[in-house]
Amino acid sequence: MASSASPIVIGRVASVTEKMRIGSGAMLHSHYSPLSVAEQLGTLETFFPGRIDLGLGRAPGTDQYSANVLRHRVAGEPEFDARLEELIAYLYGTGTATKNGSFSIHAIPGEKKCANLAVRFRVL
């Protein structure tokens, strides 16, 4: 099933199945903050333990103008690798700290909810 709202579709399909693993083929990581992805997938993993998979894509998934609107681009936006590291810290680690170390940010209930993670790359 194709959808622009992967977590909603994943939750719906998981709610009407009992054993099937459900996940995204390639959720476009550039369109969502790592914290948001971790919290959404963590919530699904809490409701459906051991059945949620997350596939991330790095392609823009649309034309340049739509991609800029979806991503709310700002100067200095971290690139894909940095965003992926942040997502991994939320899902598998203990959250992330601000640059000055003043406080940590945690994905609740995403933290340590080990959804299977696959990253899709397009090789040219």
Side-chain angles (χ1 to χ4, degrees):
M1 246 184 269
S3 172
S4 60
S6 297
I8 294 170
V9 174
I10 291 168
R12 177 64 180 131
V13 173
S15 74
V16 296
T17 61
E18 292 183 19
K19 297 179 182 176
M20 184 184 299
R21 295 193 66 87
I22 311 296
S24 62
M27 188 171 177
L28 299 178
H29 188 47
S30 59
H31 292 195
Y32 306 96
S33 76
L35 179 60
S36 175
V37 173
E39 288 177 336
Q40 290 174 15
L41 271 290
T43 299
L44 290 168
E45 182 67 23
T46 299
F47 290 146
F48 311 104
R51 297 181 49 213
I52 304 302
D53 295 328
L54 171 61
L56 292 177
R58 68 183 300 152
T62 187
D63 63 84
Q64 170 188 352
Y65 303 107
S66 299
N68 285 339
V69 170
L70 283 168
R71 291 177 11 186
H72 304 286
R73 292 182 61 87
V74 293
E77 180 183 37
E79 295 299 320
F80 184 86
D81 294 346
R83 294 168 61 88
L84 180 60
E85 287 178 17
E86 185 179 347
L87 176 61
I88 290 170
Y90 291 132
L91 289 176
Y92 302 104
T94 57
T96 62
T98 57
K99 288 184 181 183
N100 66 5
S102 61
F103 64 92
S104 292
I105 301 167
H106 299 273
I108 306 297
E111 191 170 288
K112 296 191 179 184
K113 296 288 182 186
C114 296
N116 286 332
L117 175 63
V119 180
R120 310 285 188 233
F121 291 95
R122 184 176 134 198
V123 180
L124 300 174

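Atoms considered below: every heavy atom in the structure, side chains included; atoms not considered: hydrogens, waters and symmetry mates.
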Taken to the nearest 0.5 Å, the spacing of Leu91 CG from Leu54 CG works out to 7.0 Å
Just verifying a value: how many Å separate Ser36 OG and Tyr90 OH, rounded to the nearest 0.5 Å?
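Ser36 OG to Tyr90 OH: 10.5 Å, rounded to 0.5 Å.
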side-chain contact (heavy atoms from CB on, under 4.5 Å) with Ile88: which residues, sequence neighbours excluded?
Leu84, Tyr92, Leu117
Output yes when a side-chain donor or acceptor of Ser24 lies under 3.5 Å from a complementary backbone atom of Ser6, and no otherwise.
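Absent.
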Would you please name every residue forming a side-chain hydrogen bond (donor to acceptor under 3.5 Å, both in side chains) with Glu39, sequence neighbours left out?
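Residues passing side-chain hydrogen bond (donor to acceptor under 3.5 Å, both in side chains) with Glu39: none at all.
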In terms of hydrophobic clustering (I, L, V, M, F, W, Y; side-chain heavy atoms under 4.5 Å; direct or indirect links), are Met20 and Phe48 co-clustered?
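Yes; Phe48 is reachable from Met20 via cluster members.
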Show your working on side chain to side chain contact (heavy atoms under 4.5 Å, CB included) between Asp53 and Ile22 and close with a plain yes or no.
CA-CA 6 Å; Asp53 295 328; Ile22 311 296; over 6 Å; no
Show which side-chain atoms of residues 7-15 pair as donor or acceptor with protein atoms under 3.5 Å away, not counting sequence neighbours.
unit_1: Arg12; atom_1: NH1; unit_2: Ser15; atom_2: OG; d: 3.3
unit_1: Ser15; atom_1: OG; unit_2: Arg12; atom_2: O; d: 2.7

Which heavy-atom pair separates Glu45 from Arg51 by the least distance, and what is that distance?
OE1-N, 4.1 Å
